[in-house]
Asker: 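Sending over a structure as structure tokens; questions will come in a sec.
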Amino acid sequence: MSYNLFLPYLAVMAAVTYLVRAVPLILIKKKIENKFILSFLYYMPYAVLTVMTVPAVFFATNRIESAIAGVVIALILAYFKRGLMTVAVGASAGVLIAELIMKMI
């Protein structure tokens, strides 16, 4: 398979990515003062990250039960304001333990 076949697709993806970022900078000249738009732009990265992460969390394991166990452990650790590394390791350990228990059953 020739890699030259993929170059047009790569160029189009690069152009679209660039335009999505550049067009707002070109079109909007003055400072945004609308509170609704400001709050929308403030929370947008969190919403996008959540939409990308949550489905991956539930389908990254062999069984949905182990994924739920990991999410519950992560939520508990995050509620008690543990660090990101502690939450990630705790959730991963929870998934591993849940998978091992389910394998024995």
Side-chain angles (χ1 to χ4, degrees):
M1 183 179 287
S2 174
Y3 289 108
N4 291 335
L5 189 68
F6 295 110
L7 287 178
Y9 295 112
L10 185 62
V12 169
M13 289 188 316
V16 168
T17 302
Y18 178 76
L19 287 174
V20 166
R21 294 166 191 250
V23 167
L25 292 173
I26 293 169
L27 295 179
I28 301 172
K29 298 288 185 194
K30 58 184 179 176
K31 184 177 177 182
I32 299 171
E33 296 178 5
N34 186 317
K35 288 185 180 185
F36 176 76
I37 294 175
L38 286 174
S39 68
F40 175 79
L41 292 174
Y42 178 79
Y43 289 110
M44 181 57 65
Y46 302 110
V48 170
L49 183 62
T50 302
V51 167
M52 289 178 3
T53 304
V54 170
V57 166
F58 288 108
F59 295 109
T61 62
N62 291 333
R63 299 187 54 172
I64 191 76
E65 295 87 357
S66 63
I68 292 171
V71 168
V72 168
I73 291 170
L75 289 174
I76 291 169
L77 291 172
Y79 178 77
F80 288 109
K81 298 187 186 329
R82 302 293 181 220
L84 180 60
M85 191 63 144
T86 306
V87 172
V89 170
S92 299
V95 168
L96 176 65
I97 292 167
E99 289 278 341
L100 291 173
I101 290 171
M102 285 185 269
K103 191 180 249 186
M104 286 192 287
I105 294 178

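This is a predicted model, so every value here is computed, not measured.
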Asker: May I ask you to check whether over 12 heavy atoms, not counting those of Leu84, lie within 6.0 Å of atom CG?
Answerer: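 No, CG of Leu84 has 12 or fewer neighbouring heavy atoms, counting only those of other groups under 6.0 Å.
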Asker: Does the side chain of Met13 reach to within under 4.5 Å of the side chain of Leu10, using non-hydrogen atoms?
Answerer: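 A side-chain contact exists here, since the closest heavy-atom pair is under 4.5 Å.
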Asker: Could you measure the distance from the CD atom of Glu99 to the CE atom of Met104? Nearest 0.5 Å is fine.
Answerer: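 Spacing of CD (Glu99) from CE (Met104) equals 12.0 Å.
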Asker: Hey, quick one: are Val72 and Tyr79 part of the same hydrophobic cluster, counting side-chain heavy atoms closer than 4.5 Å, chains of contacts allowed?
Answerer: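 As far as the 4.5 Å side-chain criterion goes, Tyr79 and Val72 are connected within one cluster.
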Asker: From the options Val57, Val51, Thr50, select the one residue that forms a side chain to side chain contact (heavy atoms under 4.5 Å, CB included) with Val54.
Answerer: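 Exactly one pass, corresponding to Thr50.
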Asker: With clusters defined by side-chain heavy atoms of hydrophobic residues (ILVMFWY) lying less than 4.5 Å apart, directly or transitively, does Val20 cluster with Val12?
Answerer: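 Yes; Val20 is reachable from Val12 via cluster members.
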Asker: If you take all heavy atoms of Val87 and Leu77, which pair is closest and at what distance?
Answerer: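 Smallest heavy-atom distance, with atoms named: CG2-CB, 3.8 Å.
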Asker: Taking Leu25 as the starting point, is it possible to reach Val16 by hopping between hydrophobic residues whose side chains are less than 4.5 Å apart?
Answerer: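 Different clusters.
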Asker: If you round to the nearest 0.5 Å, how far is CE of Met102 from CD1 of Ile105?
Answerer: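 Separation between the atoms: 8.0 Å.
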Asker: Please work out which of the three classes, parallel, tilted or perpendicular, describes the rings of Phe36 and Phe40, given edges at 30° and 60°.
Answerer: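 The arrangement is parallel - the two ring planes meet at less than 30°.
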Asker: Does Ile76 share a hydrophobic cluster with Ile68, counting links as ILVMFWY side-chain heavy atoms below 4.5 Å and allowing steps through other members?
Answerer: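 Yes, one cluster joins them.
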Asker: When rounded to the nearest 0.5 angstrom, what is the spacing between NZ in Lys103 and OG in Ser66?
Answerer: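 Going from NZ on Lys103 over to OG on Ser66, the span is 11.5 Å.
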Asker: Rounded to the nearest 0.5 Å, how far does CD1 of Ile26 lie from CG of Leu19?
Answerer: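 The distance works out to 8.0 Å.
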Asker: Is it true that Tyr43 and Ile37 fall in one hydrophobic cluster, defined by side-chain heavy atoms closer than 4.5 Å?
Answerer: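 No: no chain of side-chain contacts under 4.5 Å links Tyr43 to Ile37.
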Asker: Of all the heavy-atom pairs spanning Gly70 and Ala91, show the shortest one and how long it is.
Answerer: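 Smallest heavy-atom distance, with atoms named: O-CB, 3.5 Å.
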